[in-house]
Structure formats: structure tokens, C-alpha cells
Amino acid sequence: MSLPRRALVTAAAALAAALTLAACGSSSDASADLAAPAQGSTAPNGTTVNLTAKQNRVTTPKVDALAALVPEEIRKRGKLTVADSLGTTPPLDFYADDDKTVIGVDPDIASLIGNVLGLDIEFNPVSWENIFVGLDSGKYDVGVSNITVTEARKEKYDFATYRLDILGFEAKKGSGWKVAGPKDIAGRTVAVSSGTNQEKLLVAWNEENVRNGLKPADIKYFQNASDYYLALASGRIDLYVGPNPMAAFHAVQSGDTEVIGTYSGGGADVLGKIGATTKKDNGLVKALNGALNEVIKNGTYAQVLKRWGLDAEAVPTSEINPVGLPKT
């Protein structure tokens with residue numbers, strides 16, 4: 001069910017405190033492509049991130065009772081086809097220093113699911129829209145790519161949640177302002193990716209600001225991550241809004257930016273959640289949910305989140321199709 005605004009504000013404040021970034025002597029080039037963080041990178045929680053192809057991923061044993069929940073076609077195949085992003089969103093999903101091995105928190109979570117279900121994992125890095133095209137056609141079994149649960153998506157897909165959906169507001173370090181709600185972006189120049197829930201949030205905030213007699217934010221769009229950060233470094237934009245894991249990770253890498261606020265990806269009334277996503281009613285979601293709850297219970301899930309500096313975005317349990325971002 002929907003959470004009251006006060007509860008959401010409290011949750012966001014706690015997350016913001018947990019993800020406060022210490023100053024870090026790193027590259028001064030804020031335009032550096034997110035796909036290529038520096039060797040020996042540090043996550044927001046101080047953990048040194050392994051960027052090599054030899055990931056030594058956290059593993060967990062197979063659970064026969066949960067493996068039996070997998071649809072027969074997939075069991076016989078022995079492989080789970082996973083759609084993930086194109087590999088440019090650290091620490092969520094990106095390429096190792098060999099430029100071909102997919103690493104990040106989402107691949108690690110997918111690998112744990114495969115372990116529990118006794119399935120090999122085949123990663124398929126594709127563009128955002130092609131994740132859903134592939135799920136619709138049956139080309140891919142599941143999308144594990146920072147996909148937010150929304151009421152609209154639930155009409156076509158089933159979700160097994162595995163992380164909180166927290167948005168991060170990233171600005172140049174020392175900017176002296178914070179973002180907690182709509183009024184804080186009034187009149188500012190804000191960048192966001194088109195077609196995302198972050199964009200929907202900004203549009204809704206602009207509408208609220210106009211109703212309250214405030215200036216709307218000037219929303220800007222760019223082609224890729226490096227363009228956003230070049231614009232931020234040069235002062236062409238005041239703020240970039242994206243998934244908080246990306247923002248927090250980049251802020252540590254660059255040393256020139258900071259996260260000046262966080263917000264639920266579900267908006268003011270729903271605590272946003274990220275889910276492993278599969279075609280509706282294809283029989284797979286119970287196995288995904290069971291596998292995720294197994295790794296939450298046995299502690300390997302927590303190890304993976306800590307490995308990528310995302311401890312504060314853990315969920316206590318995996319849910320099937322919880323209340324999502326409302327339709328607009």
C-alpha cells in the first residue's frame with residue numbers, strides 16, 4: 001500500500017544520511033564516461049571496487065525446491081537469459097576493464113538467482129527499450145537492469161523486487177544547495193534521461209511549481225552519461241537527476257560533484273522498488289521471488305550490495321508485484 005508522505009520523507013532522509021559521500025582524491029574530470037571508472041575505484045561506502053574481469057562473484061548453493069519452480073522449458077535449457085543494460089551505468093551494470101565482461105550489482109544479483117535455481121546465466125546487454133521488446137517476444141526470460149515497478153508495467157510484466165529505487169540529485173561540489181522537493185528545483189536547469197521515471201518526477205514537480213506560482217525547471221536532455229557530466233562541469237546545467245547508485249558512484253570517482261538530495265523513485269506516495277522483470281503469467285516470477293528471498297535470508301544478497309556500496313538500498317524481503325509508481 002502507499003506510504004504516508006512523512007514516512008517517505010523519513011526514509012529518504014535516512015537513505016541520504018547513509019549515502020553521504022566523503023571527499024575523495026580522484027580524477028578531476030567530471031566529464032569522464034561512467035563506463036570507465038578509475039582503476040582501484042572506491043564505492044560510496046568506502047569499499048574498493050573490483051573492476052577486473054576476474055570478479056570472484058559471491059555465490060550460493062542451489063536449492064532444489066526453488067529450482068523445481070522454474071518452468072520446464074527453462075529447466076531443460078539449463079540457462080536463464082537475462083536482459084541487462086548496455087554496460088554504461090556503474091555500479092549497476094557496466095563493463096570490466098577488458099571492455100567485454102559485464103559486471104555490477106545487477107549482474108551479481110542475476111548470478112545469485114542462477115545459483116539458487118541451478119541455471120547458467122546468459123547476459124544480453126541491450127538498449128533500454130530493447131529490454132522490454134525482448135521480454136515481450138520471449139527472447140529474454142528476465143530483465144535485471146534497475147527496472148522500477150510501476151502500475152503501468154505491471155499490466156504486462158511480473159516483478160520480484162530486490163532493491164529500493166532511490167533517485168539521486170547530483171550537482172557540482174560546494175554548490176551550497178539541497179534538493180528535498182519541487183520548490184528546490186524551481187528556475188534551475190536540470191538534466192535527465194528521456195522516457196525515465198526521473199523525467200516523470202521532474203515534469204510533475206514542474207507542474208506543482210507552476211501551480212504554486214514558482215518558475216519551472218528548465219529540463220535538458222543529452223545523449224549519454226559523459227555529456228551530462230560535461231554539461232555539469234561546465235555549468236550549462238545545475239543538476240543531473242538519475243538513479244542514486246550511479247550518482248553516488250560518480251561523485252566518488254570524480255571528486256568534483258556531490259549528491260545533494262535523494263528521493264523515492266516511486267514519488268511522494270510510494271516507496272519505489274526495483275524488480276527482476278519477466279513477462280506476465282509466464283510462470284517464472286515465483287522462482288525469481290523464492291531465489292531472491294533465499295539469498296536475502298542466507299546473507300549473500302547483503303554481501304553483494306556491500307560490494308558495490310549499495311547497503312542502504314537493501315530490501316528486507318522480495319515481493320511479487322507490490323504497489324508501483326502510479327499511472328500518470
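Everything numeric in this text was worked out from a predicted model, so none of it was measured.
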Below 6.0 angstrom between ring centroids: does that apply to Phe132 and Tyr157?
yes
Are [X] and [Y] close enough that a side-chain donor and a side-chain acceptor fall under 3.5 Å?
{"X": "Asn56", "Y": "Asn50", "result": "no"}
{"X": "Asp97", "Y": "Thr52", "result": "no"}
{"X": "Glu122", "Y": "Asn124", "result": "yes"}
{"X": "Asp158", "Y": "Thr277", "result": "no"}
{"X": "Glu294", "Y": "Tyr301", "result": "no"}
{"X": "Asn282", "Y": "Thr278", "result": "yes"}

Looking only at heavy atoms, which two atoms of [X] and [Y] are closest? And how far apart?
{"X": "Ala186", "Y": "Leu214", "value": "CB-CB, 4.1 Å"}
{"X": "Thr161", "Y": "Pro322", "value": "CG2-CG, 3.6 Å"}
{"X": "Val192", "Y": "Gln198", "value": "CG2-CB, 3.4 Å"}
{"X": "Pro125", "Y": "Asp84", "value": "N-OD1, 3.2 Å"}
{"X": "Ala67", "Y": "Leu117", "value": "CB-O, 3.5 Å"}
{"X": "Trp308", "Y": "Pro91", "value": "CE3-CB, 3.9 Å"}

Contact between [X] and [Y] at the side-chain level, heavy atoms closer than 4.5 Å - yes or no?
{"X": "Phe159", "Y": "Val285", "value": "no"}
{"X": "Met246", "Y": "Leu92", "value": "yes"}
{"X": "Ile185", "Y": "Asn209", "value": "yes"}
{"X": "Ile260", "Y": "Leu239", "value": "yes"}
{"X": "Leu80", "Y": "Leu284", "value": "yes"}
{"X": "Trp128", "Y": "Asn130", "value": "no"}
{"X": "Asn197", "Y": "Leu201", "value": "no"}
{"X": "Asn212", "Y": "Val210", "value": "no"}

May I ask whether [X] and [Y] are part of the same hydrophobic cluster, defined by side-chain heavy atoms of I, L, V, M, F, W, Y residues being less than 4.5 angstrom apart, directly or through others?
{"X": "Val70", "Y": "Val63", "value": "yes"}
{"X": "Val126", "Y": "Val144", "value": "no"}
{"X": "Ile147", "Y": "Leu112", "value": "no"}
{"X": "Ile113", "Y": "Leu69", "value": "yes"}
{"X": "Val295", "Y": "Val82", "value": "yes"}

Is the shortest side-chain N to carboxylate O distance from Lys172 to Asp256 below 4.0 Å?
no
side-chain contact (heavy atoms from CB on, under 4.5 Å) between Ile74 and Lys79: does it pass, once the steps are laid out?
CA-CA 6 Å; Ile74 299 175; Lys79 178 174 66 178; over 6 Å; no
Sorted by first residue and then second, give each side-chain hydrogen bond (donor to acceptor under 3.5 Å, both in side chains) pair with at least one member in residues 61-73; sequence neighbours left out.
Glu72-Lys76
Going by side chain to side chain donor-acceptor pair (under 3.5 Å), name the residues that satisfy it together with Ser193, two or more places apart in sequence or in a different chain.
Tyr228
Among all residues two or more places apart in sequence or in another chain, which pass the side chain to side chain donor-acceptor pair (under 3.5 Å) test with Asp141?
Arg77, Thr81
With a 6.0 Å cut-off (strictly less than), is the heavy-atom count around NZ of Lys280, excluding the residue itself, greater than 12?
yes
Is Lys306 atom NZ crowded by more than 12 heavy atoms from other residues, nucleotides or ligands, each under 6.0 Å away?
no
Derivation and outcome, side chain to side chain donor-acceptor pair (under 3.5 Å), residues Asn289 and Ser318:
CA-CA 6 Å; Asn289 172 251; Ser318 174; 3.1 Å; yes
Would Asn321 and Val149 count as a side-chain contact (heavy atoms from CB on, under 4.5 Å) if you check the C-alpha gap in whole Å, the side-chain angles of each, and the deciding distance to 0.1 Å?
CA-CA 7 Å; Asn321 296 333; Val149 180; 5.9 Å; no
Flag, side chain of [X] to backbone of [Y], donor-acceptor distance under 3.5 Å:
{"X": "Thr262", "Y": "Ile166", "value": "no"}
{"X": "Glu151", "Y": "Gly324", "value": "yes"}
{"X": "Ser234", "Y": "Leu230", "value": "yes"}

Where do Asp165 and Thr148 land on the side chain to side chain donor-acceptor pair (under 3.5 Å) test, with the steps shown first?
CA-CA 7 Å; Asp165 177 23; Thr148 303; 2.9 Å; yes
List the steps and the verdict of side-chain contact (heavy atoms from CB on, under 4.5 Å) for Asn298 and Thr60.
CA-CA 8 Å; Asn298 70 22; Thr60 193; 2.8 Å; yes
Hey, could you give me each pair passing salt bridge (charged side-chain N to carboxylate O under 4.0 Å, His left out) that has a residue in residues 179-190? Not counting sequence neighbours.
none
Salt bridge (charged side-chain N to carboxylate O under 4.0 Å, His left out) contacts in which one or both residues fall within residues 104-116, not counting sequence neighbours:
Arg57-Asp108, Asp106-Arg163, Asp108-Arg307
Report the C-alpha distance between Thr317 and Asn293 in whole Å, list the side-chain angles of each, state the deciding distance to 0.1 Å, and finish with yes or no for side chain to side chain donor-acceptor pair (under 3.5 Å).
CA-CA 6 Å; Thr317 186; Asn293 277 321; 2.9 Å; yes
Step-by-step side-chain contact (heavy atoms from CB on, under 4.5 Å) determination, Asp136 to Lys156
CA-CA 8 Å; Asp136 292 345; Lys156 294 180 66 177; 3.1 Å; yes
For Trp205, enumerate each residue passing the ring-ring contact (aromatic ring centres under 6.0 Å, His included) test, keeping only those at least two apart in sequence or located in another chain.
Phe169, Tyr263
Taking side chain to side chain contact (heavy atoms under 4.5 Å, CB included) as the criterion, tell me which of Leu292, Ile274, Ile296 meets it with Val315.
Ile296
